[in-house]
Amino acid sequence: MEKVHSIAVEQTQNSRLAQVDFENLNFGKIMSDHMLLAEYDNGSWQSVKVVPYENLSLSPAASALHYGQAIFEGIKAYSLENGQISIFRPDQNHIRFNKSAARLEMPEVPEEIFLEGMKELIRTDRDWVPKNPGTSLYIRPYMFATEAALGVHPSASYKFLIITSPVGAYYNKPLRVKIETHFTRAAEGGVGFSKNAGNYALSLHPTRLAQEEGFDQLMWTDAKEHAYIEEAGTANLLFIMDDTLITPSSETILRGITRLSIMDIAKKWGLKTESRKVSIEELINGIEDGSVTEAFAAGTAATLTPIVEIGHEGKVYKLSDPATRAFSNKVLAYLNDLRYGRIEDEFGWNLVLD
Ligand SMILES: *Cc1c(COP(=O)(O)O)cnc(C)c1O
């Protein structure tokens, strides 16, 4: 690692902390007092600092607004039993962020900005990490193109920011999902593996149509045949089929860190795991013959959300009562215990702040 430069911190004179109702936190509505801001220009990162959270000033021609060079990450920090603060696997998010950046011809963000900047920001806003059971601090690193020029080419300048938001205990409302066989989220050779803004914009319309049919979310399928299951809009999918934990594998899927962690825990517990193609047919047949015993979505926001109904071609397939799902309930409890420091961190996943 390169030398860590100390990051300047400009403290706010107007903390909003006292106005926050920590008993009633909605997801992503309240932002903490400070943000990290780094500027890239002329081929290098020019400045990195922690500053009061405030509006940005941008050229109306800023190229992210026109051509979509914009990427982000989602991470959580937790207040541990012993009073320390821990961030869950941010090194993995850093690696993924730079893969997203490379695909969109954006500059990589070095560790001393992404990780050291994040640590400095969370230290500055440590009182914003909520302490009530099930709560956390959601961390949103992101980067976008700022060059003021019309014309499609990689921007010469970028802003990298990290903002944070205290979030309440997540109620994992069981999901009703629809298998999407008309619209496409990502095709081979495209940008499905990257966390770029456009992937979410394109999901809004198909998701609204599914919601009008009474579903909560979509289960995307492959672009070529619409025959293989991919993932949900902001979460990966996992199934227990014949006592094996299976997750769809393809280059078009966002490689979630929650999914990775769940697969690693399952392996450690001696469960059989497979990362491979899963066809709609295999899934539906498995639900009908009883070999699919659990299905869930996994992502940073909700951790693990049971799927109770799957809609396909006008039929609805029902899955088991979430309360009876042995693996889902056990792994969710384990992950929560690990992240809140109630058990030993045997994988070394918690980055505990000093
Ligand atoms: C962020 C995201 C996920 C989940 O990734 P985690 O690292 O587990 O939060 C899955 N799919 C998509 C499309 C996502 O944007």
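Along the sequence shown, the residues carry numbers beginning at 1.
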Please check: side-chain N/O of N82 versus main-chain N/O of Q84, any donor-acceptor pairing under 3.5 Å? yes

Is the CD atom of E281 crowded by more than 12 outside heavy atoms at less than 6.0 Å? no

Backbone of S249 reached by a side-chain donor or acceptor of S275 within 3.5 Å: no

Single hit among Y40, F97, Y142, F144 for ring-ring contact (aromatic ring centres under 6.0 Å, His included) with F160: F97

Taking the side chain as every heavy atom from C-beta outward, state whether E147 and H153 have any atom pair closer than 4.5 Å. yes

side-chain contact (heavy atoms from CB on, under 4.5 Å) with F88: which of T258, L338, I75? L338

May I ask you to check whether F27 and Y138 place their ring centers less than 6.0 Å from one another? yes

Between the main-chain N or O of G74 and the side-chain N or O of N93, is there a donor-acceptor pair closer than 3.5 Å? yes

Neighbour count >12 (heavy atoms, 6.0 Å) for atom CG, D321: yes

Rounded to the nearest 0.5 Å, how far apart are NZ of K267 and CD1 of I265? 11.5 Å

Give a yes-or-no answer on whether the side chains of T146 and S157 include a donor-acceptor pair shorter than 3.5 Å. yes

Do the side chains of E213 and K178 get close enough for a salt bridge, i.e. N-O under 4.0 angstrom? yes

So is K268 actually on top of F347's ring, under 6.0 Å and inside 45° of the axis? yes

Is L304 linked to M219 within one hydrophobic cluster, defined over Ile, Leu, Val, Met, Phe, Trp and Tyr using a side-chain heavy-atom separation of less than 4.5 Å? no

Counting only heavy atoms not in E105, do more than 12 sit closer than 6.0 Å to its CD atom? no

Please indicate whether R255 has more than 12 foreign heavy atoms, meaning atoms of other residues, nucleotides or ligands, lying under 6.0 Å from its CZ. no

To the nearest 0.5 Å, atom CD1 of I257 lies from atom NZ of K76 at 13.0 Å

Within a radius of less than 6.0 Å around NZ of K159, do more than 12 heavy atoms belonging to other residues, nucleotides or ligands occur? yes

Is the backbone of I253 close enough, under 3.5 Å, to the side chain of E231 for a donor and an acceptor to pair up by distance? no

Under 3.5 Å: donor-acceptor pair, side chain of E81, backbone of Y340: no

